[in-house]
Amino acid sequence: MKRLSQPHHPDLLVGMNTADDAGVFRLDEETAIVNTVDFFTPIVDDPYTFGQIAAANALSDVYAMGGRPLTAMNITCFPRDEIALGVLAEILRGSADKVSEAGAVTVGGHTVADDELKFGLAVTGIVHPDEIIRNAGAEVGDALVLTKPLGTGIVSTALKHERVSDRAYGAAVEAMCTLNRTASEAMCANQAHACTDITGFGLLGHAEEMARASGVALRLRASCLPLLPDVLELAGAGEITGGSKRNRSFLDSKVRIDPAIRPELVEVLFDPQTSGGLLVALEPENAQEMLRALSSFGMRGWVVGDVVRRGEVSVEVTA
């Protein structure tokens, strides 16, 4: 990406310069379009469930910008000589059902014959140009709210090794299939200053991007982080993804972690998430209102830290 010139256009409101969740382009004074794309290899065995998770994951980028998804296009790499077409049909059905749940429409897509199955979506949404929520904008004194528990990468790795309990698997699938729609509406209603969704770079990676884009530092409290069932035990048993190791290497000089935090929990901090929750920065009183709004819809959120002045590192994790 460093070799590419940054695009410039008077109507490009969000581009590549802050590593935000989606691009935003203004059409007129009332409407801007939100564009995003994401696809990956299966992380669960059931094809319908995989389609749902992939769709929820792709839609999440629009929600993280405070937008509303309108259309989705399937992106598929499929080993047609090795897997029955019925599997692909179930993936597409799961995705279409989740897109419909979001109030959007699946309008087509593209398929490539490949040696490895991959699936995801390109999503287009809309947002008012004055109401975009970026990952840049967190202010000193803000509270940080997280809207889903952590550990999906660890649980998915354990599933591949047949070492995951039904309880942990069920909780992970439920979290990954849950749209960030309600969380997005709750943060918008409570004047969020900044937001990012937690996906492949893990909690620390996306927190570091928010801190850097906002010119501040984020302070996370490890004891307040919500975790999926059995995640610490699985991390202690070595169910760690390759992505987690790459995240740790990249962030080594950018984060500081209290040495009193147990190693298993440190692994969760770097764990790549699929269809993770939103990390939202907003004034403390508005954070409490957001939690109450989520609760009224039968959902949860957690205050996991705060925004402080920038120091030697972008993110500090306290016990």
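Throughout, residue positions are numbered sequentially from 1 according to the sequence presented. Model, not experiment: these values are computed from the prediction.
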Any chance [atom1] of [X] has more than 12 other-residue heavy atoms, nucleotides or ligands included, within less than 6.0 Å?
X: Asp130; atom1: CG; result: yes
X: Phe40; atom1: CZ; result: yes
X: Arg93; atom1: CZ; result: yes
X: Asn17; atom1: CG; result: yes
X: Phe201; atom1: CZ; result: no
X: Gln6; atom1: CD; result: yes
X: His9; atom1: NE2; result: yes
X: Arg68; atom1: CZ; result: no

Query raised in the report: Do Leu220 and Glu316 pass the side chain to side chain contact (heavy atoms under 4.5 Å, CB included) test, and can you show the C-alpha distance, the side-chain angles, and the key distance before you say yes or no?
Result: CA-CA 6 Å; Leu220 301 172; Glu316 180 181 4; over 6 Å; no
Could you give the distance from [atom1] ([X]) to [atom2] ([Y]), rounded to the nearest 0.5 Å?
X: Leu121; Y: Thr106; atom1: CG; atom2: OG1; value: 7.0 Å
X: Cys188; Y: Met65; atom1: SG; atom2: CE; value: 11.0 Å
X: Leu218; Y: Arg212; atom1: CG; atom2: CZ; value: 11.5 Å

Applying the 4.5 Å side-chain criterion to the ILVMFWY set and letting contacts propagate, would [X] and [Y] be lumped into a single cluster?
X: Leu279; Y: Ile133; result: no
X: Ile83; Y: Ile75; result: no
X: Leu227; Y: Val303; result: no

Report task. Step by step, work out the side chain to side chain contact (heavy atoms under 4.5 Å, CB included) result for Val304 and Leu203. Result -> CA-CA 11 Å; Val304 297; Leu203 176 62; 5.8 Å; no
Report task. Could you check Arg300 against Leu294 for side chain to side chain contact (heavy atoms under 4.5 Å, CB included), going step by step and ending with a plain yes or no? Result -> CA-CA 6 Å; Arg300 292 197 64 184; Leu294 290 172; over 6 Å; no
Requested in this report: Compute the centroid of each ring, for Phe270 and then for Phe250, and state whether the two points are separated by less than 6.0 Å.
Outcome: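 So the answer is no for these two rings.
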Report task. Indicate whether any N or O donor in one side chain lies under 3.5 Å from an N or O acceptor in the other, for Asn57 and Thr274. Result ->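 Result is no, nothing qualifies.
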Query raised in the report: Going through the checks in order, is the side chain to side chain donor-acceptor pair (under 3.5 Å) test met by Asp21 and Thr196?
Result: CA-CA 7 Å; Asp21 295 294; Thr196 185; 3.2 Å; yes
**Report entry** Aromatic ring pairing Phe50/Phe119, orientation class (parallel under 30°, perpendicular over 60°, tilted between)
**Finding:**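 Geometry flag for Phe119 against Phe50: perpendicular rings.
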Report task. Check the pair Thr152, Ser275 against side chain to side chain contact (heavy atoms under 4.5 Å, CB included), reporting the backbone distance first and the verdict last. Result -> CA-CA 9 Å; Thr152 58; Ser275 189; over 6 Å; no
Query raised in the report: Salt bridge or not for Lys160 and Glu239, using N-O below 4.0 Å?
Result: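 Here Lys160 does not pair with Glu239 in a salt bridge, since their nearest N and O are not under 4.0 Å apart.
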